[in-house]
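Okay, so here's the structure we're looking at.
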Amino acid sequence: MNRRLPIKLSELSELFRTKTLDPLSVTENALALADRLRNLNAFSRICSSSALQQAKESSQRYRDGKGLGTLDGAPIAVKDNFCTENVHTTCASRMLENFVPTYDATVYARLKQCGAVLIGKTNMDQYGMGSGTVDSIFGPTKNCWSDNLDGKDFRIAGGSSGGSATAVASGVCFAALGSDTGGSTRNPASYCGVVGFKSTYGLLSRHGLIPLVNSMDVPGIITRTVEDCVAVFNAIAGPDERDSTTFKPPFKQIPIPEADQISLKGLRIGIPIEYHCPGLSNEVLETWTKVADMLEDAGAIVKSVSLPYTSASIFVYSILNQCEVSSNMARYDGIEYGYRSDENHSTERLYARSRAKGFNSVVKNRILAGNFFLLRKNYDKYFQKALKVRRLIAEDFTRAFRSVDIILSPTTLSTAPRYDEFVRSNNRDQCAVQDFCTQPANMGGVPALSLPVRLSTEDKLPISLQLTAPSFSEQNLFKVASWIENEVQFYRHYAYS
Ligand code: GLN
C-alpha cells in the first residue's frame, strides 16, 4: 500500500467509504509496520490472525454498506491489563504470563462492536505500577522520538501505558486504550506526543480491567488528535451493568468539536500556583506560559488558582495505592489461576513461592507496604488519615472550579528522560516525579487530558500540557483542547506515509 495514510480517524473512515482504501490493506500495513518497529517493544503480543479476520469482516461491511460501526476498520491497540477473549492478558507480569481470559473488558467489547481492529496488546509496567514502561517481563518500551534506539540511552515512553502511546505515536494504530490510576495514560501520552485522556471516574466501565487501585482506576484513551479521542470516548462511554461504579444515566454523545467555530470569550482558565514546582524544566514552563497567553489573547480570562493540598498528594496517593494493591493482589495465590510454583509440599509454601516468583519486586514492595498500613495499629494513623486528606485534595478541585472552568498545567515536568538515567532511581522516586501533576485528578475523580504542544528545541522531544475540568465537563475540556490543538497543530508531525 503506497498511499499516504491519513492522520485522523474521520479521514480514514472517509477513505474506506469512498473505497480509496480498504480495511484489510490498512491492517496488513499496520501489522507490517508493527513488525518493522519491533525494536520499540510497544507490543506484548501482536494479534495477526485475529486482526486479519476482523479486517476482512470490516472490508465486507464496507462492500455491503451495511452494519458499519463508527470505528469500522480502524487499527487499534489495547493495554495488556484489559481482558480480551482468547487473547493472552498478562499485565506484563510473570504471574499472568499464560492467562487467557474468556471474556472481553467492556470498553474493548464496545470498540469491537464499533468495528475496530485489534492489532495487539501493549506493553506496560507490571500491573500498571510505574511511570516509565520499564518494569515489564517483556523489557522496556522505547520512545519512538528517541535520537538513539540502540543501547540504553534511548528515551523512555513513559508509563505505565507506554506501549499504547508508542503504538499510536509510531503510526501503527489510530487509537489505543491505556489505563489511568495516577497518570498512566497522560504521562506516556505527554512523552510520546499524543493525546492522552482520562474521563470522569464512572463514565468508562472498569469491567475486565485488571484492577490496580479500584477507587482511582479509569480506562484511558490515546489518539493523535482530540477529535479522534472524542470519537473513541463516544464509542465506549456509558453505564455498564457489570461495573456498579459506572454512572447510571445514559451517556450523552459529545459533539466532535469544530476548532474554528470555538469561542473562548469569557472562559475562565486557572493556572495552579502549586504546580510551579522543583524540577519543572524551563521549556515546559515557557510552553505553559505561552499557551496561557494564547488563550488570553483569544478572549479567555486567565488567573491563578490555588490547590493547596497538592504537595500532600504524592504521599496520600502512595498510601492509598499500596493499601488497595495489597488487597487486589491477594487473589493471586497460585491456586485458582496465574503462576503456580512447583514447590508445593504445603499450601503455605505454594502460596509463598508462587507469589515470590510470580511478582516483581515493585509489586511485592507495594503489597508489603499496603499490609503494613492496614495493620490494626496503623489503620487510623495511615489509611484513614490518607482518606481524609484525599477528600481535601478533591475539595481543592471543587473550590478551584468555582472560579475557573479549566485548569491548565504541565503534564510532565520535562521531556522524556533517558532510560539509563531514569532507572537509576527506584520505582517510588520515579513515581513521585512523574505523577506530580497527574495523580491529583485521579484522587478527585475529575477528567483530564494531556495535549502535545510542541517539540523541545533542546532535544526535539514532545512537550505537552494538561487540561483538567470539573466532573462531567468533558465537552468543555475537549472544546478547549481542540482550540489549542488547532493553534499549535502538533499532529502535523504525523504526516508520514
Ligand atoms: N505511577 C503511578 C503508580 O505506579 C500511576 C500508575 C497508573 O496510573 N497506573 O501507581
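One-based numbering, in listed order, for ligands and for the atoms of each. Because only heavy atoms are used, hydrogens play no part in the values below, and waters and symmetry mates are left out as well, while side chains stay in.
- Contacts with ligand 1 closer than 4.0 Å are made by side-chain heavy atoms of L212 only, the backbone lying farther away.
- Residues passing the side-chain hydrogen bond (donor to acceptor under 3.5 Å, both in side chains) test with S160 are K79, S184, sequence neighbours excluded.
- Listed by chain and residue number, nothing satisfies the side-chain hydrogen bond (donor to acceptor under 3.5 Å, both in side chains) test with N426 (two or more places apart in sequence, or in another chain).
- Interface atoms of ligand 1 facing M129, defined by a heavy-atom separation under 4.0 Å, are 4 (O).
- With a heavy-atom cut-off of 4.0 Å, C431 touches ligand 1 through its side chain alone.
- Contacts between D435 and ligand 1, counted as non-hydrogen atom pairs separated by less than 4.0 Å, involve the side chain only.
- At least one N/O-N/O distance between T181 and ligand 1 falls below 3.5 Å.
- When heavy-atom distances to ligand 1 are checked against a 4.0 Å cut-off, N321 comes that close only through its side chain, counted from C-beta outward.
- Protein heavy atom nearest atom 10 (O) of ligand 1, with residue, atom name and distance: Y317 OH, 2.7 Å.
- The aromatic ring centroids of Y108 and F82 lie 6.0 Å or more from each other.
- With a heavy-atom cut-off of 4.0 Å, R366 touches ligand 1 through its side chain alone.
- Using a 4.0 Å cut-off between a side-chain N of Lys or Arg and a carboxylate O of Asp or Glu, E227 and K8 qualify as a salt bridge.
- No cation-pi contact links K121 to F43, judged by a cut-off of 6.0 Å to the six-membered ring centre and 45° from its axis.
- Taking a cut-off of under 4.0 Å to the non-hydrogen atoms of G130, the atoms of ligand 1 that pass are 1 (N), 2 (C), 3 (C), 4 (O), 6 (C).
- Relative to the ring axis of F359, K364 does not place its NZ or CZ within 45° and under 6.0 Å from the centre.
- Interface atoms of ligand 1 facing S160, defined by a heavy-atom separation under 4.0 Å, are 9 (N).
- No option in D217, T245, T106 other than T245 meets the side-chain hydrogen bond (donor to acceptor under 3.5 Å, both in side chains) test with R206.
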Apply side chain to side chain donor-acceptor pair (under 3.5 Å) to the pair D104 and T84, showing each step before the final yes or no. CA-CA 4 Å; D104 285 326; T84 40; 5.5 Å; no

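- Short contacts between ligand 1 and G183, defined as distances under 4.0 Å to a heavy atom of the residue, involve ligand atoms 8 (O).
- Less than 4.0 angstrom separates some heavy atom of G182 from each of these atoms of ligand 1: 5 (C), 7 (C), 8 (O).
- Looking at heavy atoms from C-beta onward, R224 lies out of side-chain contact with H493 at the 4.5 angstrom threshold.
- Closest to atom 6 (C) of ligand 1, if we only count protein heavy atoms, is S184 OG, 3.0 Å.
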